[in-house]
2 protein chains.
Amino acid sequence: MINVKNKKLAAALGEHIRSLRLQKELSQEQLAYEADIPISQIGRIERGEINATVSTLFVIAEALKTDLKTVVDFKIKK
Amino acid sequence: MINVKNKKLAAALGEHIRSLRLQKELSQEQLAYEADIPISQIGRIERGEINATVSTLFVIAEALKTDLKTVVDFKIKK
DNA sequence: TGTTCTAAACGCATATATGCGTTATTTTTA
DNA sequence: TAAAAATAACGCATATATGCGTTTAGAACA
């Protein structure tokens, strides 16, 4: 990811997902297990290292017992 | 994309984005121009051929003068 | 029929998300 | 402080999203 705007977007998304995960009192490992994706992927997303795909966000939403709308409901820091 | 669930997700997302685009009376070319992404990408997303990344969905949302929440507000066909 | 507009469907190179490990670091807890 | 738990930070292979172009197909229209 070289684009600055994308980095900020990914960072904001990551913080939001982390916040949702902690609200549910889940560890990254538990969330990864429920979403059936590698824990490394959860970490990279929360740290804002990658621009996740919609399919990954979807399984994360399911694992958090919420929906895509909630997962992308965040504000970007300028 | 080999996963069946991901295909259905991408198809539902594509139909929804197409619907939003047509509501705004934009061609794929116009949307691509506004979002500053290749028209081929718009087509592939609308046809459900790919699992778009959040950054791509974000620029599409901006081009449609809406937000990410609206772009991912769709139901998946079973 | 020919022209224009729109979208589909290609091909291809490159960037990067994903998947799966391991090791290091930090935080929490006993 | 020591141990355990949680997370970060690697490396690496593979799948695939993206970017950019061209060609084809279809519809609308003159």
Side-chain angles (χ1 to χ4, degrees), chain A residues 1-65 68 71-72 74 76, chain B residues 1-64 68 71-72 74 76-77:
Chain A
M1 222 193 342
I2 41 180
N3 184 296
V4 176
K5 287 193 72 176
N6 287 357
K7 280 190 186 177
K8 291 186 180 177
L9 177 72
L13 172 64
E15 283 184 30
H16 181 57
I17 288 178
R18 173 165 296 177
S19 169
L20 292 174
R21 173 176 63 81
L22 295 176
Q23 279 172 34
K24 306 280 181 176
E25 295 186 324
L26 293 173
S27 65
Q28 288 185 348
E29 189 174 24
Q30 289 171 317
L31 176 57
Y33 176 79
E34 293 297 330
D36 194 25
I37 58 179
I39 184 176
S40 60
Q41 195 68 353
I42 300 291
R44 287 182 289 213
I45 291 169
E46 288 192 357
R47 291 192 297 278
E49 292 180 3
I50 57 177
N51 274 314
T53 62
V54 65
S55 60
T56 298
L57 296 183
F58 185 76
V59 293
I60 289 175
E62 284 184 321
L64 291 171
K65 301 189 198 306
L68 263 181
V71 170
V72 301
F74 61 92
I76 299 175
Chain B
M1 221 190 349
I2 42 180
N3 183 295
V4 175
K5 288 192 72 175
N6 288 357
K7 280 190 184 176
K8 290 186 180 178
L9 177 72
L13 172 64
E15 283 184 31
H16 180 58
I17 288 177
R18 173 165 296 176
S19 169
L20 292 173
R21 174 176 63 80
L22 295 177
Q23 279 173 32
K24 305 279 182 176
E25 294 186 324
L26 295 173
S27 66
Q28 289 184 347
E29 189 174 23
Q30 290 171 316
L31 176 56
Y33 177 79
E34 294 296 332
D36 194 26
I37 58 178
I39 184 176
S40 60
Q41 195 68 353
I42 301 290
R44 286 182 288 213
I45 291 169
E46 288 193 356
R47 290 193 298 278
E49 292 179 3
I50 58 178
N51 274 314
T53 62
V54 66
S55 59
T56 298
L57 296 183
F58 185 75
V59 292
I60 288 175
E62 284 184 320
L64 290 171
L68 263 181
V71 170
V72 301
F74 61 92
I76 299 174
K77 295 173 180 173

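Quick note on labels: first sequence line is chain A, next is B, and so on, each numbered from 1.
Checking the phosphate oxygens (OP1, OP2) of dA17(C), no side-chain nitrogen or oxygen of Thr56(A) falls inside 4.0 Å. Taking only side-chain nitrogens and oxygens, Arg21(A) comes nearer than 4.0 Å to OP1 or OP2 of dT7(D). Contact check, Gln28(A) against dA5(D): no side-chain N or O comes under 4.0 Å of OP1 or OP2. Residue Arg47(A) places no side-chain N or O under 4.0 Å from the OP1 or OP2 atom of dC10(D). In terms of phosphate contacts, Thr53(B) brings no side-chain nitrogen or oxygen within less than 4.0 Å of OP1 or OP2 of dT16(C).
When the nucleotides dA17(C), dG11(C), dG19(C) are ranked by their closest atom to the side chain of Met1(A), dA17(C) comes out on top. Listed nucleotides dA17(C), dG19(D), dA6(D) differ in distance to Ser27(A); the shortest reach to its side chain belongs to dA6(D). In the set dA17(C), dT18(D), dA8(D), the nucleotide with an atom closest to the side chain of Arg18(A) is dA8(D).
Among the atoms of the strands shown, none is found under 4.0 Å from any heavy atom of Ile39(B). Ile42(A) comes within 4.0 angstrom of no nucleic acid atom, judged by non-hydrogen atoms across all strands.
Atom pair Asp36(B):CG and dT18(D):C1' shows a separation of 13 Å (rounding to whole Å applied). Rounded to whole Å, the distance from CD1 on Ile50(B) to P on dA9(C) is 14 Å. One interatomic measurement links the two molecules: CD1 of Ile45(B) to P of dA17(D), which rounds to 10 Å at whole-angstrom precision. In this structure, Gln41(A) places its CD atom 15 Å from P of dT16(C), rounding to the nearest Å. Atom CD of Glu49(B) and atom P of dC10(C) are 8 Å apart (whole Å). As rounded to whole Å, 18 Å separates atom P of dA5(D) from atom OH of Tyr33(A). dA17(D) atom P lies 12 Å from atom CG of Leu57(B), rounded to whole Å. Glu46(B) places its CD atom 16 Å from the C1' atom of dT18(D), with the value rounded to the nearest Å.
Val54(B) has its side chain within reach of Leu68(B): a pair of non-hydrogen atoms, C-beta onward, lies under 4.5 Å apart. When side chains are defined from C-beta on, Phe58(B) does not count as touching Asn51(A), because their heavy atoms never get closer than 4.5 Å. Counting heavy atoms from C-beta outward, Leu26(A) and Leu64(A) have side chains that approach closer than 4.5 Å. Between Leu9(A) and Leu13(A) there is no side-chain heavy-atom pair separated by less than 4.5 Å.
In plain terms, the two heavy atoms of Lys7(B) and Met1(B) that are nearest each other are CE-O, 3.4 Å.
Nearest-nucleotide positions on DNA chain C for Ser40(B) and Glu29(B) put Glu29(B) closer to the 5' end.
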